[in-house]
S.K.: 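My structure is below; once you've seen it, I'll send some questions.
Predicted model only: the values in this text are computed from it and were never measured. Numbering of residues begins at 1 and proceeds along the displayed sequence.
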Amino acid sequence: MALYSKEITTPCGPLTLLCDGRALTAIRFGREADGRIMPAPKKGRSGAETHENEEPAQKERAARELLSQAAREIGEYFAGRRRAFTVPTAAAGTPFQQAVWNALKEIPYGETRSYGEIARQIGHPRASRAVGQANNRNPLPIVVPCHRVIGASGALTGYAGGLDIKVRLLELERTLRMRSCSVPGNASSC
């Protein structure tokens, strides 16, 4: 199956978006993938990038549209105009990882949860370390907000993009949430 990619520029540096033509499958910081430099993608007829042989024009068009939607939504997130994502996603993982990633999506914008809280939420109260490992393997950072998970003491813990980016994402959300909460009539979303 072909993987299509698009590199975007964000306040946290470049991101590489990957999709299979039906859903966003991964977001990578920079151009690094799984500890390796991604091969330079080939351009298809329409300009969409593919890492395998060119797919039919319909699939390529769908991939280009999906990557554009993901890029637009991530841009809106960084501009403070988006708190949740609607782009279709398909992250490959175990049932436990899927449960953790689904729980991450439920953490409200501008808030944090501990690994232990996520473990209890998914019905595995003694699995906070396993939650940490699943969090670490989240292929869709930002869209599936693993940056919102912190240590039980409130300490910031590792992040695929680096702790400096985790801090920036949390500060962005807190600042915009506080600003939104100070607007009359918005208290119900705070």
S.K.: A side-chain contact here means heavy atoms from C-beta on lying under 4.5 Å apart; do T10 and I74 qualify?
M.R.: yes
S.K.: For residues 161-171, tabulate all N or O donor-acceptor pairs below 3.5 Å that involve a side-chain atom, not counting sequence neighbours.
M.R.:
from: K166; atom 1: NZ; to: V149; atom 2: O; distance (Å): 2.6
from: K166; atom 1: NZ; to: T157; atom 2: O; distance (Å): 3.3
from: R168; atom 1: NH1; to: P11; atom 2: O; distance (Å): 3.1
from: R168; atom 1: NH2; to: P11; atom 2: O; distance (Å): 2.4

S.K.: Can you confirm whether I150 sits close enough to Y115 that some side-chain heavy atom of one is under 4.5 Å from a side-chain heavy atom of the other?
M.R.: no
S.K.: Please examine the side chains of F96 and W101, heavy atoms only from C-beta on, and report whether any two atoms are closer than 4.5 Å.
M.R.: no
S.K.: Can you name the closest pair of heavy atoms from A71 and K6 and give their distance?
M.R.: CB-CE, 3.9 Å
S.K.: Answer whether the closest heavy-atom distance between the side chains of Y4 and L18 falls below 4.5 Å.
M.R.: no
S.K.: With heavy-atom distances below 4.5 Å as the criterion, would you say the side chains of L67 and I8 are in contact?
M.R.: no
S.K.: Report the C-alpha separation of Q69 and E73 in whole Å, then their side-chain angles, then the decisive distance to 0.1 Å, and conclude whether the side chain to side chain donor-acceptor pair (under 3.5 Å) test is met.
M.R.: CA-CA 6 Å; Q69 176 186 357; E73 289 187 14; 2.9 Å; yes
S.K.: Using a 3.5 Å cut-off and no angle test, enumerate the donor-acceptor pairs between side-chain atoms of residues 130-143 and protein atoms at least two apart in sequence or in another chain.
M.R.:
from: N135; atom 1: ND2; to: C146; atom 2: O; distance (Å): 3.4
from: N138; atom 1: OD1; to: L140; atom 2: N; distance (Å): 2.9
from: N138; atom 1: ND2; to: V144; atom 2: O; distance (Å): 2.8

S.K.: Do C19 and L3 make a side-chain contact, defined as non-hydrogen atoms from C-beta onward lying under 4.5 Å apart?
M.R.: no
S.K.: Is any NZ, NE, NH1 or NH2 atom of the basic residue among R82 and E76 found under 4.0 Å from an Asp or Glu carboxylate oxygen of the other?
M.R.: yes
S.K.: Looking only at heavy atoms, which two atoms of L172 and Y109 are closest? And how far apart?
M.R.: O-OH, 4.2 Å
S.K.: Heavy atoms only: give me the nearest L24-V87 pair and the separation to one decimal.
M.R.: CD2-CG1, 4.2 Å
S.K.: Which residue pairs pass the salt bridge (charged side-chain N to carboxylate O under 4.0 Å, His left out) test with at least one member in residues 146-157, sequence neighbours excluded?
M.R.: R148-E173
S.K.: Please give me the minimum heavy-atom distance between R174 and G110, naming the atom from each residue.
M.R.: CG-O, 3.8 Å
